[in-house]
S.K.: 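Please see the structure below; I have some questions.
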Amino acid sequence: MKIMRVEKTLVSTNRIGELGHRPLLVVTDKPGGTPQVAVDAIGCIPGDWVICVGSSAAREAAGSKSYPSDLTIVGIIDQWSAE
Amino acid sequence: MKIMRVEKTLVSTNRIGELGHRPLLVVTDKPGGTPQVAVDAIGCIPGDWVICVGSSAAREAAGSKSYPSDLTIVGIIDQWSAE
Amino acid sequence: MKIMRVEKTLVSTNRIGELGHRPLLVVTDKPGGTPQVAVDAIGCIPGDWVICVGSSAAREAAGSKSYPSDLTIVGIIDQWSAE
Amino acid sequence: MKIMRVEKTLVSTNRIGELGHRPLLVVTDKPGGTPQVAVDAIGCIPGDWVICVGSSAAREAAGSKSYPSDLTIVGIIDQWSAE
Amino acid sequence: MKIMRVEKTLVSTNRIGELGHRPLLVVTDKPGGTPQVAVDAIGCIPGDWVICVGSSAAREAAGSKSYPSDLTIVGIIDQWSAE
């Protein structure tokens, strides 16, 4: 799993129905890093350092085997400092 | 999921039958970035910033479990500026 | 999916039975790029620019769910110029 | 599989239920490398060099097909020196 | 699939039972490249250039759908010279 920081919520009005209304968050692996989009299965706020699972495990972690996610937030890290 | 920009439509007359007639789009993660090919499940136009799902989730997002996609556009981002 | 160029056929006499006799091609994403091996599901010749699907979709695209491929050529691009 | 070194335990109190209480470890591929998070299926201690399996194989290696892992430690290497 | 060179056997006494006794080999994509670990489904020796399959296809190529591999050697290349 990857260690990422939550930057902000991503607004995408025009999306496929399978995504439902789950929040999509912009995450980066370090300040200035390439932003990616993760499905929030926990309830995070910007600034949180989180654990993101990818690969096929991201689907079930997002709630169901058919959920179209390849990156899902599965935990908030209690303490983390980027180096 | 990755944040990509739609560049143009990709024409591939000679393709396997499983791809059907779904539009294939050239996308990049930044200006001058390596172009990739994504299946359009939404209806995008060049210039749109979109959310692309990869891994095994790309198949079902493209319409069925047996669709041969590893990158599918699942949403258009309302507002995005590349930095 | 990735955009790759077919370089040549790869000869591997000693291979697992599941690979069968499908042609294996050496492909690169750009001149001088790292060569990879793709299963040809179309019928390509060296110099063709092709669409390669990876991840779990590569298996079914190669003909069956149990085919051991992680990179399968699913289409030939009508026109492409590497930049 | 990847060769990684165990750095420390990762504490994440707020996590999805599917992760259970399996230990999560911070691993790196080299000193100063990007830290990642792996599920420990063996019983490791900091300093161990380990074999980490990714992709969909990480799920079953962690104990069940529905376990949300994309990186699982499946073996401790008897002797390894990073170069 | 990736083109890799077999470096040596990897000894891991403490491993999960699902790995069984299949040989684990250290492979690199080029001299000095990052070493990875592959399951040998062929019977290779150090110095062989081999075809490695990753993703979910690595599991079945290693012998069964539940085998915890994400990189399996599926063929030996007859002739290869690294450039």
Side-chain angles (χ1 to χ4, degrees), chain B residues 1-42 44 46 50-74 82, chain C residues 1-7 20-25 27-83:
Chain B
M1 282 69 71
K2 288 194 173 114
I3 296 168
M4 315 283 284
R5 203 177 78 125
V6 177
E7 299 294 331
K8 59 177 174 185
T9 299
L10 186 70
V11 182
S12 167
T13 312
N14 192 354
R15 50 163 89 182
I16 63 172
E18 288 85 347
L19 278 176
H21 290 93
R22 300 213 88 155
L24 300 176
L25 301 178
V26 178
V27 296
T28 54
D29 61 347
K30 60 184 171 206
T34 303
Q36 296 191 55
V37 181
V39 174
D40 184 2
I42 291 282
C44 307
V50 293
I51 305 169
C52 290
V53 71
S55 191
S56 59
R59 295 180 295 152
E60 218 147 340
S64 98
K65 215 171 186 164
S66 60
Y67 193 90
S69 172
D70 65 0
L71 196 67
T72 302
I73 299 172
V74 293
Chain C
M1 282 69 71
K2 288 193 173 116
I3 296 168
M4 314 283 284
R5 202 178 80 124
V6 177
E7 299 294 330
H21 290 92
R22 300 215 87 155
L24 300 176
L25 301 178
V27 296
T28 53
D29 61 347
K30 61 184 171 207
T34 302
Q36 297 190 55
V37 181
V39 174
D40 184 3
I42 291 281
C44 306
I45 56 171
D48 282 346
W49 283 94
V50 294
I51 305 169
C52 290
V53 72
S55 190
S56 60
R59 296 181 295 152
E60 218 147 339
S64 98
K65 214 172 187 162
S66 60
Y67 193 90
S69 171
D70 66 359
L71 196 67
T72 302
I73 300 173
V74 293
I76 301 175
I77 303 173
D78 287 21
Q79 286 194 313
W80 190 259
S81 56
E83 55 270 37

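Any value given below was found using the heavy atoms of this structure, including those in side chains, with hydrogens, waters and symmetry copies removed. Order of the sequence lines fixes the chain letters, A, B, ..., with proteins taken first and strands second; residue numbering starts at 1 for each chain.
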S.K.: Under 3.5 Å, is there a donor on one side chain and an acceptor on the other for B:T28 and B:E7?
M.R.: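 B:E7 and B:T28 do have a side-chain donor-acceptor pair below 3.5 Å.
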
S.K.: Give the minimum heavy-atom separation between B:A58 and B:S69, together with the two atoms involved.
M.R.: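 Answer, listing the atom of B:A58 first, then B:S69: CB-O, 3.5 Å.
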
S.K.: Just do the side chain to side chain contact (heavy atoms under 4.5 Å, CB included) check on C:D40 and C:R22 with the steps written out, would you?
M.R.: CA-CA 7 Å; C:D40 184 3; C:R22 300 215 87 155; over 6 Å; no

S.K.: Would you check, one step at a time, whether the test side chain to side chain contact (heavy atoms under 4.5 Å, CB included) holds for B:V50 with B:I42?
M.R.: CA-CA 10 Å; B:V50 293; B:I42 291 282; over 6 Å; no

S.K.: So which of B:R15, B:K65, B:E18 has the biggest tally of heavy-atom pairs under 4.5 Å with chain C?
M.R.: B:R15

S.K.: What part of B:V27 is in contact with chain C, defined as an atom under 4.5 angstrom from a non-hydrogen atom: side chain, backbone, both or neither?
M.R.: neither

S.K.: Which atoms of B:L71 are under 4.5 Å from chain C, going by heavy atoms: the side chain, the backbone, both sets, or neither?
M.R.: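 Both backbone and side chain.
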
S.K.: Please state whether the side chain, the backbone, both or neither of C:I51 comes within less than 4.5 Å of a heavy atom of chain B.
M.R.: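 Answer is side chain: those atoms of C:I51 sit under 4.5 Å from chain B.
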
S.K.: Would you say that C:Q36 contacts C:M4 through its side chain, given a criterion of any heavy-atom pair below 4.5 Å between the two side chains?
M.R.: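 Yes - at least one pair of side-chain heavy atoms lies under 4.5 Å apart.
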
S.K.: Between B:V37, B:V26, B:T13, B:T72, which has the largest tally of heavy atom pairs under 4.5 Å with chain C?
M.R.: B:V37

